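Every chain is numbered from 1, with letters handed out A, B, ... down the list of sequences. Small disclaimer: the values here were computed from a predicted structure and weren't measured.
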2 protein chains.
Amino acid sequence: MLRQNLPVTLEEVARHAGVSTATASRVLNGTVGVRENTRRRVLAAARALNYSPNIHASALASGRSRILGVILSNVENPFFLDVFRSMDEAATEAGYSLVMEHTSYQPERLVSSLKAMSGMHLAGVALVASEVEQGVLDSLSRRSLPIAVYDAAHPAPHITSICVRYNVGMRRAVEYLHSLRHKRMAFVGHHAGLAPLQERKQAFVESMRQYAPKAEFSTAEHDDTPQGGRQAAATLLDSGFSPTAILCVNDFMAIGVLRELRERGLRVPEDVSVTGFDNINLSEFTVPALTTLDIPRWRIGRLFFDALVNHQSSTRFSADTVIEPELVLRGSTGIAPDHRNGNPKSRQRP
Amino acid sequence: MLRQNLPVTLEEVARHAGVSTATASRVLNGTVGVRENTRRRVLAAARALNYSPNIHASALASGRSRILGVILSNVENPFFLDVFRSMDEAATEAGYSLVMEHTSYQPERLVSSLKAMSGMHLAGVALVASEVEQGVLDSLSRRSLPIAVYDAAHPAPHITSICVRYNVGMRRAVEYLHSLRHKRMAFVGHHAGLAPLQERKQAFVESMRQYAPKAEFSTAEHDDTPQGGRQAAATLLDSGFSPTAILCVNDFMAIGVLRELRERGLRVPEDVSVTGFDNINLSEFTVPALTTLDIPRWRIGRLFFDALVNHQSSTRFSADTVIEPELVLRGSTGIAPDHRNGNPKSRQRP
DNA sequence: TTGAAAGCGTTACCAA
DNA sequence: TTGGTAACGCTTTCAA
């Protein structure tokens with residue numbers, strides 16, 4: 001088996017089964033109205049010849065493909081990767097493939113990725129990215145292609161938006177830390193120029209204002225990496241502001257924040273408490289384990305897939321799905337419940 | 001701009017420029033022998049109409065595509081992800097796209113991914129996986145498709161193999177620890193049933209034998225995740241064998257090993273030393289920072305790309321490229337040089 | 001229930 | 001230097 005050097009075509013399968021390519025195509029696409037006997041012969045021939053359809057020919061002829069596009073801001077951040085893996089799992093189960101691009105949060109790269117993908121005649125595109133500008137969304141909404149966006153400020157018609165209430169999560173974190181008597185808190189983020197991230201920072205600021213003037217705060221930002229988190233923490237601490245709690249925009253950066261604190265001899269949580277966001281697998285492996293807000297990435301990936309493939313409600317103006325982050329308490333804020341079950345709702349996968 | 005609802009075709013571009021589709025195609029593919037004036041007109045038309053070629057039509061007509069397939073054992077492990085990102089960078093620069101699949105180390109999934117990819121008429125496939133069986137390699141070598149494999153035991157004709165001398169790296173680690181007077185060492189791995197991983201474990205065992213009977217050793221294995229590393233460490237420690245050094249098959253698992261040791265009140269490096277493999281970015285962020293063996297993933301990704309796209313030496317029986325891992329010393333083995341420059345050769349990217 | 005044949009958007013060969 | 005046109009492998013009417 002697998003002996004042939006040249007790809008087997010539908011025509012050969014058809015000939016082998018003694019039918020026309022039309023019939024062979026019908027069988028292989030699960031169309032009804034084919035005699036059971038014929039169907040069996042075609043299937044047998046396909047298997048015998050180890051036939052695998054030429055997706056290019058198929059896409060060209062039918063005008064649609066079973067390939068989805070996914071654009072991520074930062075593959076290196078496990079948050080994005082998990083959403084991707086989850087979509088991929090759903091896609092594979094349904095016989096779809098994924099084409100992935102990443103942008104490093106650069107709006108131009110988003111546009112060029114989109115352009116490259118537009119030549120692929122995809123079945124849909126998921127924008128799991130923070131650099132989605134309104135203009136892009138608008139122009140996309142004119143096309144027939146199914147589109148789904150992560151956390152878009154103002155979704156456009158015909159575009160599904162999957163929203164996470166970051167402000168709710170942020171408020172929960174601030175309130176929790178406030179209840180622990182923290183008075184000087186800082187926020188560590190990245191790419192504050194991009195709307196969704198701006199908004200998260202804003203949520204922090206507003207939550208803090210609620211406790212002013214007794215509570216002070218500061219913010220810092222750098223790249224979305226552990227290195228970036230470390231840098232941001234360094235900037236913060238060098239500025240003279242000495243926070244007793246640092247809230248990070250995500251767990252990935254928090255890893256670096258923890259490192260910098262340790263490097264400076266600051267103990268966590270005794271001297272400084274730290275929180276993250278996302279509840280990535282790694283957040284259980286930091287020292288100390290990280291208090292964070294859970295975002296159910298496995299659910300989100302499936303939501304994306306469903307939005308693109310079974311876009312049930314394509315008639316609705318825009319089908320939004322809203323998710324609220326939940327607080328997960330671990331050692332980095334002082335209370336250290338058993339680390340072994342720090343996972344509330346979303347399932348962590350191996 | 002981007003106003004059109006339906007995709008623009010080559011024919012429209014040609015009409016707009018007042019030439020035939022043949023000429024338009026020639027211009028867009030950079031063929032020589034087109035009058036400068038005509039070329040400019042076509043280019044202008046393409047830009048004006050925001051043309052993006054239908055890759056399916058193009059692939060079907062030409063029989064080749066600018067898409068590469070990549071199969072990874074475990075995307076979650078940053079080692080594989082880095083190789084992927086590096087290939088992706090090289091690919092994007094050259095106008096190629098990547099289609100990625102991952103297998104969780106299951107040979108059957110490797111085969112089914114390969115089959116799915118075979119319908120895509122790819123420009124080449126990179127197997128960055130440990131579960132590549134000889135039979136698969138042999139059948140692949142009959143096809144005309146360029147193939148490159150990571151660390152294959154016995155590469156087949158026409159298949160490029162990119163090899164890392166894990167045994168050399170492992171020996172270096174063992175020798176280093178031996179020079180530090182460690183007598184009881186353990187190896188933590190995963191999927192010992194797969195040849196390449198079997199070999200790494202074997203390298204450990206043989207290196208240890210060299211010091212027998214004065215030196216004792218033990219091994220344990222679990223999944224290729226931090227959780228798996230933690231499990232393996234737990235098994236090891238519960239077995240009664242008390243190693244003074246644990247060598248991990250990779251950094252990703254080492255993260256979990258460090259966690260389990262800490263959980264049990266064992267200090268690293270005072271009570272137990274730990275080493276990893278790969279030198280992933282995260283290895284500088286563990287507590288303590290991880291001694292490891294650097295594997296230049298950025299170089300490897302580029303090697304893969306070049307092997308597939310500019311397969312210069314396709315005439316040679318098999319063009320192997322050999323890489324030797326280099327020891328990177330950090331805190332987890334006791335000597336803690338400045339963490340800020342623990343990176344010998346390979347550049348770490350943001 | 002099946003087959004013939006007209007595309008789908010490119011590429012590439014052959015003429016002009 | 002250009003244009004006409006036959007593929008490429010499949011899907012999908014339309015007839016039979």
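One can place CG of B:Asn54 at 13 Å from C1' of D:dC8, the figure rounded to the nearest angstrom. Rounded to whole Å, the distance from CG on A:Leu60 to P on D:dA7 is 17 Å. Rounding to whole angstrom units, CD1 of residue A:Ile55 and C1' of D:dC10 are separated by 12 Å. As a whole-Å value, the separation of B:Glu11 CD from D:dG4 P is 11 Å. For the pair A:His56 NE2 and D:dC10 C1', the interatomic distance rounds to 13 Å; values are reported in whole Å.
Between A:Asp306 and A:Leu303, the closest side-chain pair of non-hydrogen atoms is not below 4.5 Å. Put simply, the side chain of B:Met87 reaches to within 4.5 Å of the side chain of B:Val70, judged on heavy atoms. You'll find the side chain of B:Leu127 reaches within 4.5 Å of the side chain of B:Leu140, heavy atoms only.
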Go through the steps to decide whether A:Arg109 and A:Glu101 satisfy the test salt bridge (Lys or Arg N to Asp or Glu O under 4.0 Å), and finish with yes or no.
CA-CA 9 Å; A:Arg109 285 188 61 179; A:Glu101 305 250 6; over 6 Å; no
Run B:Ser25 and B:Asn29 through side chain to side chain donor-acceptor pair (under 3.5 Å) and show every step you take.
CA-CA 6 Å; B:Ser25 170; B:Asn29 290 301; 3.2 Å; yes
What verdict does the side chain to side chain donor-acceptor pair (under 3.5 Å) test give for B:Tyr105 and B:Asn74, after you've listed the backbone C-alpha separation in whole Å, the side-chain angles of each residue and the deciding distance to 0.1 Å?
CA-CA 7 Å; B:Tyr105 295 98; B:Asn74 180 10; 4.6 Å; no
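A donor-acceptor pair under 3.5 Å links the side-chain atoms of B:Ser73 to the main chain of B:Ser130, judged by distance alone. Checking side-chain atoms of B:Ser86 against main-chain N and O of B:Trp298 turns up a donor-acceptor pair under 3.5 Å.
With the end axes of the helix from C:dT1-D:dA16 to C:dA16-D:dT1 each set by five pairs, the angle from one to the other reads 40° at 10° resolution.
Taking a heavy-atom distance under 4.0 Å as the criterion, the stretch of DNA chain C touched by chain A extends 5' to 3' from C:dT1 to C:dG9.
Aromatic rings from A:Phe79 and A:Tyr150 are positioned such that their centres are separated by under 6.0 Å.
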Pairs: protein N or O with nucleotides 11-15 of chain D N or O, under 3.5 Å:
residue, atom, partner, partner atom, Å
D:dT11, OP1, A:Asn29, OD1, 3.4
D:dT11, OP1, A:Asn29, ND2, 3.3
D:dT11, OP2, A:Ser25, OG, 2.7
D:dT11, OP2, A:Asn29, ND2, 3.4
D:dT12, OP1, A:Arg64, NH2, 2.3

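A side-chain contact (heavy atoms from CB on, under 4.5 Å) with B:Pro146 is found for one member of B:Leu308, B:Leu122, B:Val125 and no other, namely B:Leu308.
Nearest heavy atom pair, residue A:Ala123 against residue A:Tyr96, reads CB-CE2, 4.0 Å.
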